[in-house]
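Shown next, in structure tokens, is the structure this report addresses.
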Amino acid sequence: TALPCNSYECSLSKCIKNNSIALSAVSASLRDICVSCALHRKNLAAAGPEKFTVEFIQKQAEEFNIGKRHLANMMGEDPESFTQEDIDRSIAYLFPSGLFDKKARPLMKHPEEIFPKQRAIQWGADRRPFHFLFYTGKQMYYSVMHCQKMSHQKHTSPFQYSLRMLTRVSISSLGTSRWFTKEELEALLVETISTHDYNHFIQLMERLLSLPYCATEVEFVLRYRRQLEAPSAKRIVPLLQRDEWGVAFSTSDGCRKTSNCSVVLRECGSGCITINGQNYLHYFPTLQDREQLMFPFQFTGMLGRFDLECTVSGGGRSSQAGALRLATSRALLSFLSEREAENMRQAGLLTPDPRVRERKKPGQEGARRKFTWNKR
Amino acid sequence: MATRALAKGFLGLRLSRVVPIRFFCGGHQYATAAPVHSAQPENDIVTEKILNEPLENPDFFRVSELFSLKDLFDARVHLGHKKGCRHRLMEPYLYGCRLDQDIIDLDQTVEHLQQALNFTAHIAYRGGIILFVSRRRQFSHLVECTAKDCGEYAHARYWQGGLLTNAPVQYGPGVRLPDLIIFLSTLNNVFQQHVGIRDAAKLNIPTVGVVDSNCNPSLVTYPVPGNDDTPAAMELYCRLFKMTINRAKDKRRRMERIYSLLAPSTKHIMAI
């Protein structure tokens with residue numbers, strides 16, 4: 001009885017030993033698997049935004065160029081002279097999209113414009129960093145501050161007095177521009193900037209501009225300013241035409257709420273206004289509407305000079321009057337100088353009124369009015 | 001003294017290390033220092049000669065000729081803070097106290113400054129990365145210009161916590177840390193010891209620091225007792241460090257040219 005037990009025990013012990021080895025191996029591998037899973041999860045969270053290597057971007061650029069040529073062949077055009085506008089036109093033709101958001105529509109652009117700009121490795125083969133402010137962590141931002149400080153010193157040190165005599169103050173080029181926003185500065189420097197740093201940067205730039213004789217630093221300053229488009233540049237002045245009797249006239253349109261109108265403004269007139277064939281006194285019995293009609297002339301001081309022929313449709317009396325006022329002001333632009341036109345713009349005569357009727361919402365009685373609140 | 005020997009020992013180790021080998025193990029990346037393998041025996045001998053020649057002479061770069069005690073006095077290096085601001089550990093370096101103002105012993109300063117400049121020159125000769133640190137806002141531009149002129153690095157701005165201790169996360173994997181940090185002022189804007197001194201000591205990076213009478217010189221490898229508030233003194237220090245570094249780099253270039261002429265069979269010697 002002992003023998004079989006022994007053999008069983010031996011075999012059992014052997015089994016246990018083998019199993020223990022196998023178990024330990026399995027458990028070790030299990031442990032490895034578990035450990036690596038946990039660590040992978042942690043790494044993904046801390047990794048940050050996806051980083052693209054230089055080779056990847058280059059490959060994408062090559063693919064883009066090949067795709068551009070294929071697209072040109074498809075559209076039957078010359079692959080050599082296929083510009084970005086042609087690409088946009090072809091994509092809009094081949095993939096028509098009804099989506100409202102322009103950024104959601106299919107696009108084909110160079111990878112430089114699509115992938116966010118990232119900084120390449122900052123050190124060379126001997127692992128010495130390229131930039132002398134690398135160890136600050138924010139090398140681009142601090143290099144800008146360093147240049148600012150140099151400009152400051154140039155103008156506040158007493159030894160530059162002779163140079164100062166040569167450069168007079170004239171910062172007219174800064175007239176229509178604003179400082180870069182924090183986002184624009186981050187995009188320029190390819191570096192994240194905190195709000196405190198940005199405010200400090202703006203403060204120092206303002207101080208630089210307040211120093212006398214800082215005209216030499218204008219180019220440095222302009223690098224961090226964005227030019228604003230002057231509203232006068234965008235204004236479309238209607239054409240001044242002449243009819244068979246040599247009388248100058250101009251045509252323009254106007255709208256307000258649901259009214260649309262078209263106006264012909266004739267010179268050498270006596271201030272007689274015709275709306276839809278009727279005299280304006282008959283069409284607008286209310287004083288308020290007639291005042292609205294006269295306002296452009298009264299503002300520019302040209303009350304008795306012009307004749308007005310208008311056609312108006314849609315809306316009520318007040319909105320028709322507003323539409324006519326806008327159309328008259330636009331037509332008047334072709335008879336006025338730049339300064340008077342700017343005065344009209346500042347008076348609000350050239351701005352179309354954006355107010356339209358707000359829709360009624362479900363669960364409410366009107367656009368804003370809610371149902372009467374009942375306690376029970 | 002022990003720290004300096006240690007620092008030199010570690011320096012030797014650090015500089016002889018080649019690009020570390022990376023291998024993957026269960027999804028992790030490990031980096032170990034690979035053993036030094038010589039590309040060519042001739043190259044090795046020449047580089048060894050270039051590296052060992054400065055060590056034979058105590059003042060190979062002749063830094064003692066760069067300044068004299070009179071220069072230090074004229075630049076008002078001997079002026080310390082008031083008696084109440086004195087740090088206990090700075091008492092050995094003080095000459096005395098006059099009208100409540102501490103006067104720093106310029107004899108000791110001369111010795112310490114010579115040692116510091118000699119060490120800086122050796123580091124620059126071996127192509128080490130030198131970082132100038134100062135948190136004094138009135139001299140930040142001067143420090144940055146000095147660093148730019150010698151081709152080294154500067155940090156005269158707000159010191160973020162993990163710049164040295166959390167370097168792979170801060171800058172990117174595989175970054176090389178500075179081999180020497182020069183503190184032109186060991187205090188920060190709230191008159192506490194600069195975090196960089198403690199971090200450099202943690203990471204075995206040797207430091208050279210200008211310690212004023214209100215500073216703690218214990219963790220600095222090569223303290224230089226002197227004034228850190230006067231513009232004249234700061235300009236003197238910047239000028240001296242710039243001159244030593246440029247001198248050391250020129251010397252290195254000349255040695256390489258000499259040895260390449262002597263042994264024309266060897267290929268282009270890479271500067272380590």
Side-chain angles (χ1 to χ4, degrees), chain A residues 28-44 46-48 51 53 118-154 156-157 191-194 196-197 200-201 204, chain B residues 14-15 17-20 24-29 126-133 135 137-164 166-167 169-179 181 196 199-200 205 270-272:
Chain A
S29 57
L30 273 174
R31 252 187 282 124
D32 281 340
I33 290 165
C34 290
V35 156
S36 62
C37 270
L39 277 170
H40 270 303
R41 252 183 275 132
K42 263 194 233 165
N43 278 340
L44 280 171
K51 295 208 173 28
T53 54
Q118 280 162 356
R119 282 201 280 177
I121 299 287
Q122 298 293 312
W123 49 83
D126 57 353
R127 297 207 293 157
R128 279 183 78 104
F130 297 129
H131 203 271
F132 76 107
L133 290 174
F134 171 77
Y135 288 104
T136 56
K138 306 183 216 177
Q139 63 186 49
M140 297 310 298
Y141 171 71
Y142 285 131
S143 68
V144 169
M145 306 300 265
H146 181 73
C147 296
Q148 265 185 347
K149 184 72 187 178
M150 273 206 302
S151 320
H152 265 271
Q153 278 198 336
K154 256 201 268 179
T156 48
S157 76
E191 207 171 61
T192 46
I193 299 170
S194 75
H196 170 80
D197 288 337
H200 190 43
F201 165 76
L204 282 182
Chain B
R14 182 196 301 273
L15 289 170
R17 192 175 63 198
V18 188
V19 175
F24 286 83
C25 170
H28 315 298
Q29 224 181 13
R126 286 153 181 268
I129 293 180
I130 300 176
L131 182 65
F132 286 88
V133 174
R135 197 61 187 100
R137 286 192 56 182
Q138 59 188 133
F139 307 121
S140 64
H141 187 70
L142 173 69
V143 166
E144 286 181 348
C145 287
T146 317
K148 202 157 54 150
D149 291 336
C150 16
E152 298 295 340
Y153 306 87
H155 185 97
R157 307 284 176 175
Y158 177 72
W159 182 278
Q160 278 181 307
L163 282 187
L164 289 182
N166 203 17
V169 169
Q170 188 84 31
Y171 303 114
V175 69
R176 182 176 156 187
L177 287 177
D179 299 306
I181 303 185
D199 284 353
I205 300 173
M270 264 195 25
I272 295 178

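Please read all numbers here as calculations on a predicted model, not as lab measurements. Letters A, B, ... mirror the listed sequences (proteins, then strands); counts begin at 1.
- The nearest pair of heavy atoms linking Tyr135(A) to Leu177(B) is OH-C, 3.9 Å.
- Residues Phe132(A) and Glu144(B) approach most closely at CE1-O, 3.6 Å, considering heavy atoms.
- At most 12 heavy atoms of other shown residues, nucleotides or ligands fall within 6.0 angstrom of atom OH in Tyr158(B).
- The contact between Val175(B) and chain A is made by backbone and side chain atoms together, counting heavy-atom distances below 4.5 Å.
- Scanning for side chain to side chain donor-acceptor pair (under 3.5 Å) contacts around Asp197(A) gives Lys138(A), Ser194(A), with sequence neighbours left out.
- Ser140(B) pairs by the side chain to side chain donor-acceptor pair (under 3.5 Å) definition with nothing, not counting sequence neighbours.
- Looking at heavy atoms from C-beta onward, His152(A) lies out of side-chain contact with His141(B) at the 4.5 angstrom threshold.
- Looking only at distances, no side-chain donor or acceptor of Arg157(B) sits under 3.5 Å from a matching main-chain atom of Gly137(A).
- Contacts between Ile129(B) and chain A at a heavy-atom distance below 4.5 Å involve backbone atoms as well as side-chain atoms.
- Ranked by non-hydrogen atom pairs under 4.5 Å with chain A, the options Gln170(B), Glu152(B), Gln160(B) are led by Glu152(B).
- Of all non-hydrogen atoms in Cys145(B) and His146(A), the two that sit nearest each other are SG-CE1, 3.7 Å.
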